[in-house]
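Every chain is numbered from 1, with letters handed out A, B, ... down the list of sequences. Everything quoted here is computed from the prediction, not taken from an experiment.
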2 protein chains.
Amino acid sequence: MPDAYDMLFRTLADPTRRAIFERLCRQGEQTVGALTSQSGVSQPAVSKHLGVLKHAGLVRDRHEGRQTHYSAQLGALAPLMDWTREMAGFWESRFDDLEDLLKRMDQ
Amino acid sequence: MPDAYDMLFRTLADPTRRAIFERLCRQGEQTVGALTSQSGVSQPAVSKHLGVLKHAGLVRDRHEGRQTHYSAQLGALAPLMDWTREMAGFWESRFDDLEDLLKRMDQ
DNA sequence: TTGACGTATAACCACAGAGATATATGTTCG
DNA sequence: CGAACATATATCTCTGTGGTTATACGTCAA
């Protein structure tokens, strides 16, 4: 069962795509043309990346005349923070167990 | 320039590999054999994944006789939390700017 | 309506990498 | 030493996907 985090991790794994997302986070809403001009890849490539980001819920698009404006949807990062915290939590609880064990051994 | 987060994201993007890492987080140190038995893939595949995880600093190995024990290195997740927080931070600061703007417009 | 523009889609290519099997390396035991 | 075991490495295959160019679609201006 590919868990819910899967799409998120895979979407953010590509450097070009992550750069696009970061740019949207830093500088807010951008048109496809603006994003393309600094991405180092072709416009169709950027559109494809934006499609993947949108499918993962990381961006939303807004049509205005013949341009499309994209913006970051930070809420979609929540599962990423949850996962990280969960992993850290497991680590800590095992650490606590170890502490307990050592304390008990100490008596 | 592929930033430092790159290896981390790419390492965690594969579901099988992430499952192995999660298992090490949840259940602590494990041998290759134990990890293989529940991974659904062959032992060489598991070894390769462990190699990638190790290269990314996410696990460490401990040799004991003919077995190798692997354990999670949670510290390696710090950049992931940093990145997430940074992105959220950008979002918030832009939100604050918007708030400011609205307040100023309100006067 | 025609043409320029902005973006999306189609079709194709190239390569990374995840998987398998076979085998090498190293370890314990008889 | 020789055999069984635990893991790592070598080699190959094949799918997924990121990139390209060409083109279709929708919008604005004249």
Rounded to whole Å, how long is the line connecting atom [atom1] of [X] with atom [atom2] of [N]?
| X | N | atom1 | atom2 | answer |
| --- | --- | --- | --- | --- |
| A/Arg18 | D/dT17 | CZ | C1' | 16 Å |
| B/Asp61 | D/dA6 | CG | C1' | 14 Å |
| B/Phe9 | D/dG18 | CZ | C1' | 18 Å |
| A/Asp6 | D/dT17 | CG | P | 10 Å |
| B/His63 | D/dT7 | NE2 | P | 11 Å |
| A/Arg62 | D/dG26 | CZ | P | 20 Å |
| A/Leu50 | D/dG18 | CG | P | 13 Å |

Looking only at atom types and distance, does a side-chain atom of B/Arg17 sit under 3.5 Å from a main-chain N or O of B/Leu50, one as donor and one as acceptor? no
Would the distance check show the side chain of A/Arg62 and the main-chain N or O of A/Tyr70 forming a donor-acceptor pair, the cut-off being under 3.5 Å? no
Can you label the angle between the A/Trp83 ring and the B/Phe21 ring as parallel, tilted or perpendicular, going by 30° and 60°? tilted
Would you mind building the protein contact string for nucleotides 18-30 of chain C? One character per nucleotide, 5' to 3', B for base within reach (heavy atoms under 4.0 Å), S for sugar-phosphate only, - for untouched. BBSBB----BS--
Is the phosphate of C/dA8, meaning OP1 or OP2, less than 4.0 Å from a side-chain N or O of A/Thr68? yes
N or O in side chain of B/Tyr70 less than 4.0 angstrom from D/dA8 OP1/OP2: yes
In Å and rounded to the nearest 0.5 Å, what is the CG to CZ distance from A/Leu12 to B/Phe9? 5.0 Å
Roughly how far, to the nearest 0.5 Å, is the CG atom of A/Leu58 from the CE atom of A/Met7? 8.5 Å
Considering all heavy atoms of both residues, which atom of B/Val41 and which atom of B/Ala45 are nearest to each other, and what is their separation? CG2-CB, 3.8 Å
